[in-house]
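Take a look at the structure below.
Letters A, B, ... are given to chains in the order of the sequence lines, protein chains preceding strands, and every chain is numbered from 1. Just so it is clear, the model here is predicted, and its values are computed rather than measured.
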Amino acid sequence: MSFIKSTFRHPRLPVNDLGLTYRDYEGALSTLCAGCGHDSLTAAIIQACHELSIEPHKVAKMSGIGCSSKAPNYFLNKAHGFNSVHGRMPSVTTGANLANQELLYLAMSGDGDSASIGFGQFAHVVRRQLNMVYMVANNGVYGLTKGQLAATADKGVRNKGGDLSLFNDIDLCVTALQLGASFVARSFSGDKQQLVPLIKAAISHKGFAFIDIISPCVTFNNHAGSTRSYDYVHDHVTTGAIADFVPVKTEITSSGDSAECEDVCLHDGSIMRIQKVDEGYDSTNASQAIMDIERHKQDGKILTGLFYLEPTASDYHEINDTNDTPLNQLDQDALCPGSRVLNGINESFR
Amino acid sequence: MKKTDTGNYQHFLKVVDCQQACPAHTPVPEYIRLIAEKRYTDAYLLNWESNVFPGILGRVCDRPCEPACRRGRVEETPVAICRLKRVAADNKEDISAFLPKAPRKKNGKRIALIGAGPASMTVARDLLPLGYDVVMFERDAKAGGMMRSQIPAFRLPEAVLDEELNYIINMGLECHFGEEISSLDKLLQANFDAIFVGTGAPNGRWLKIPGHDQLDEKSEYAQIDTGINWLAKVSFEHLQYDENTPAPKKVVVLGGGNTAMDCCRTAKRLGAEEVTVLVRSSFETMKASPWEKEDAAAEGITILPNYNPLEYKLEQGRLVAVLFEQVESVYDKVGNRTLQATGETLLVECDQVLVAVGQDTAFEWIERDIGISFNQWGRPKVNSHSLQSTLPTVFFGGDAAFGPKNIISAVANGHQVAISIDLFCQNADPIEDRSDTSFNLISQKMGIHEWSYQSGIDHQERNLVPHIAWDEAVKTLTTEVELGFDEQLALAEASRCLNCDVHTVFTESTCIECSACEDVCPMDCINFVEEESEDAQMVKQFRVSELNTEQSLLVSAPLKTGHIMVKDEDVCLHCGLCAERCPTGAWDMKKLLINNINATIK
């Protein structure tokens, strides 16, 4: 019986500024299928949080329903968490964020949770510019209900059972770009070198950060003919620019060919160092990013990497000019100032 | 990085640290699993095949396996391998029916063995079932060599020794006890097809410091004696202390090895009131096994490190004290030790000194003109594989070949020599015609989350072996101090074994590079890295790049994306989670089976 992970750890494991090893950021042992992309995603989140020295108790893990939404159980078991109704994670996160804006909101959703039942909620949370990291584990099928085609499956592909995808796919990155997200990226669960810096940057970014992560379903969508299988993605993945995350404390040294490198300062002072691969790449132009995504799709390529970044965007609290003190820290007198104040407010509307 | 050669057993054997460290390559994890299943007889026989003396070694082995045990790298202490071996010996049923028998029809070849220590007896054990006539000459009255003469009965009971030696003697070994060979040349005339010399290192070294020459070292009850001589006299009951010849009251033991520990504990049992061990080195670098030092200290023996003997002090011809100077061990850059006197001296009163500062081989009975060459240390020149000397019919092994080592090394040499003699007697070349072994790797998968071995990791600490009360222990010479594990302790200790012989085997062609194994591995052993020209650059990509260079890497061929898989074998728990998580079966847990373990001793 080996379904128990030993608590022994490598004797020379690095520790972060808090004195923790990455194993202190783990959760329960995953019960997802062996080889599920979501487990790699989980490992990438653990690595990112460890390397950023995030205090686990200052994180809230938010999710809806689906294989992807089970995943928060498998990382940061010392963090807060809320496993909400199907597709309603954005509303719950909005409420939580209003009550306490000091937590880091790490949201995990899936293609069903965000592109089907929760598509409306997704659209509005993007519009609201809520300060959160919204990650979608996108595998193109409903794995938890045995592999029906999802709304993110490419038109014309067949699922494992042979059903044909008749309709146009929803590209969540394009939707997020159209609706004004200030950080949009796509990555692949099988490429942690790309994924981990993106997650770190998304955490450091203030505002709505969206990462669509292609995360193959080994059980229902890893067959020949699938466009979300490990082999297909490995073969067709491409990127417009390589983004590296430079933490706040690191001394910034100029790299060899600085002409090709662009440094973007994030909200907390850390740096996103972008090395162009495509000549026309521009991280500040949302409409061009949409065109790039579509163009690659037509060429049969999957474009990944950082699509768009607006480091100085306002978030929901700034737009709404909310109180600086989180609601959950306000006392009874401040929250309920009495009838005299209420009368004054009512008077102002007469 | 070069792809690991998995078509050979070498990589896999090296991963089984305990088995690799054992000179005889005893399949340790396999016998521990048998103990865990309470199959003590099977566990004993598996041991017996490799190391010939499980009951003896289960008590007094040097245990090179334990410092090597992987458990010592993932937590504090290794598995108590040696004590588990004793459990198999203590709890086995009658094994006589399972032992190989010598064939009635012999092959017509006669082999002589000189000495009846562990090396000789192993040669006999291996050759008798093949039909050889084996004739053994031993100067003492019983077999066992240093196992009998130098190891006190409170560590190794005589009954255990006799039992395991008799298994071999009863195979039809022709024994000549009390017969010392005084001329090899003469024995060569006796038309043996091969001769094995296993005479050990029987000469204890003296310390010729002032005062030594005034003491009569030859008399039976000499006030000064070498440790091994004195232990042999006690063992063979040549020393009979009574009112007229009282046992020494104040004993000084010089030296810091296991012989010194046996001397001091024996002296205490004979009635000494003050026993002091003085050694030139520091306490930590003393040669004695740590558990020997602990046991001696527990019995009330004082160990004084960093003292160098200067002079034996005599009064009216009788030894009354030894003068020491205090020294400090100073190490230079390459680790060579020099002793620097601190200027302090110490006078230790005593009426008996036991010198246990080393021992040497003795070959004055080998004529120098018969074709056997000796090296600068006075030891015979032998081929390291075949152990054949420059005179083709004569083979050496054990301490006689390499100076004082330990029992298990002697047993390993015995196996090597038996293979050599067998080849030599068939007119084959003992080096060129030596065959290697074949091996198998057998999947241990039984079903989902189910393996045929205990894959879950037991996090318990090492169990301590029970012993009789220390104040009782020092009263008798023959009562065994250690009681051995009872069944409950044995099973608890057995479950600490990490089953390192169940290997993680990787198949490149089925890997889809999903990284599930890399993510789940509790010890961060598995890495998928980009190939680079410099190995050091590739190591930088590892999850933990600070490597233990004594351990191997398992390197794959390039995978579909061009990346390669590199597994650092150092702290792998063999928990099977990589295989459990692999969606395509690219990882499997496979048990290593070496078909001829003796052929792997090199």
Checklist entry - Taking non-hydrogen atoms and a cut-off under 4.5 angstrom, which of residues 9-17 of chain A neighbour chain B? => result A:Arg9, A:His10, A:Pro11, A:Arg12, A:Leu13
Next on the checklist: Taking every non-hydrogen pair under 4.5 Å, which of B:Thr561, B:Asp524, B:Val571, B:Leu573 racks up the most with chain A?
Outcome noted: B:Asp524
Item to check | Contacting region of B:Val74 [heavy-atom separation from chain A under 4.5 Å] | outcome: both
Checklist entry - Quick one: of A:Ala44, A:Gly190, A:Cys33, A:Ser40, who has the most non-hydrogen atom pairs under 4.5 Å with chain B? => result A:Ser40
Checklist entry - Contact part of A:Ser229 toward chain B, heavy-atom cut-off under 4.5 Å: side chain, backbone, both or neither? => result neither
Item to check | Portion of A:Ser30 that has a non-hydrogen atom of chain B nearer than 4.5 angstrom | outcome: both
Checklist entry - For atom NZ of A:Lys146, is the number of surrounding heavy atoms from other residues, nucleotides or ligands below 6.0 Å larger than 12? => result no
Checklist entry - Tell me, side chain or backbone of A:Asp231 under 4.5 Å from chain B's heavy atoms, or both, or neither? => result side chain
Checklist outcome for this item: Heavy-atom nearest pair, B:Pro522 first then A:Ser6, reads CB-O, 3.9 Å
Next on the checklist: With a 4.5 angstrom heavy-atom cut-off, is it the side chain or the backbone of B:Gln541 that approaches chain A, or both, or neither?
Outcome noted: neither
Checklist entry - Does any heavy atom of chain B fall under 4.5 Å from the side chain of A:Gln193, the backbone, both, or neither of them? => result side chain
Checklist entry - Does atom NZ of B:Lys560 have more than 12 heavy-atom neighbours, drawn from other residues, nucleotides or ligands, at distances under 6.0 Å? => result yes
Item to check | Contacting region of A:Asp235 [heavy-atom separation from chain B under 4.5 Å] | outcome: neither
Next on the checklist: Counting only non-hydrogen atoms closer than 4.5 Å, does B:Asn548 touch chain A with its backbone (N, CA, C, O), its side chain (CB onward), both, or neither?
Outcome noted: both
Checklist entry - Of the backbone (N, CA, C, O) and the side chain (C-beta and beyond), which part of A:Phe8 lies under 4.5 Å from a heavy atom of chain B, both, or neither? => result both
Item to check | Beyond-backbone contact of A:Lys192 with B:Phe528, side-chain heavy atoms, under 4.5 angstrom | outcome: no
Next on the checklist: Can you list the residues of residues 497-521 of chain B that sit under 4.5 Å from chain A, counting heavy atoms only?
Outcome noted: B:Ile512, B:Glu513, B:Cys514, B:Ser515, B:Ala516, B:Glu518, B:Asp519, B:Val520, B:Cys521
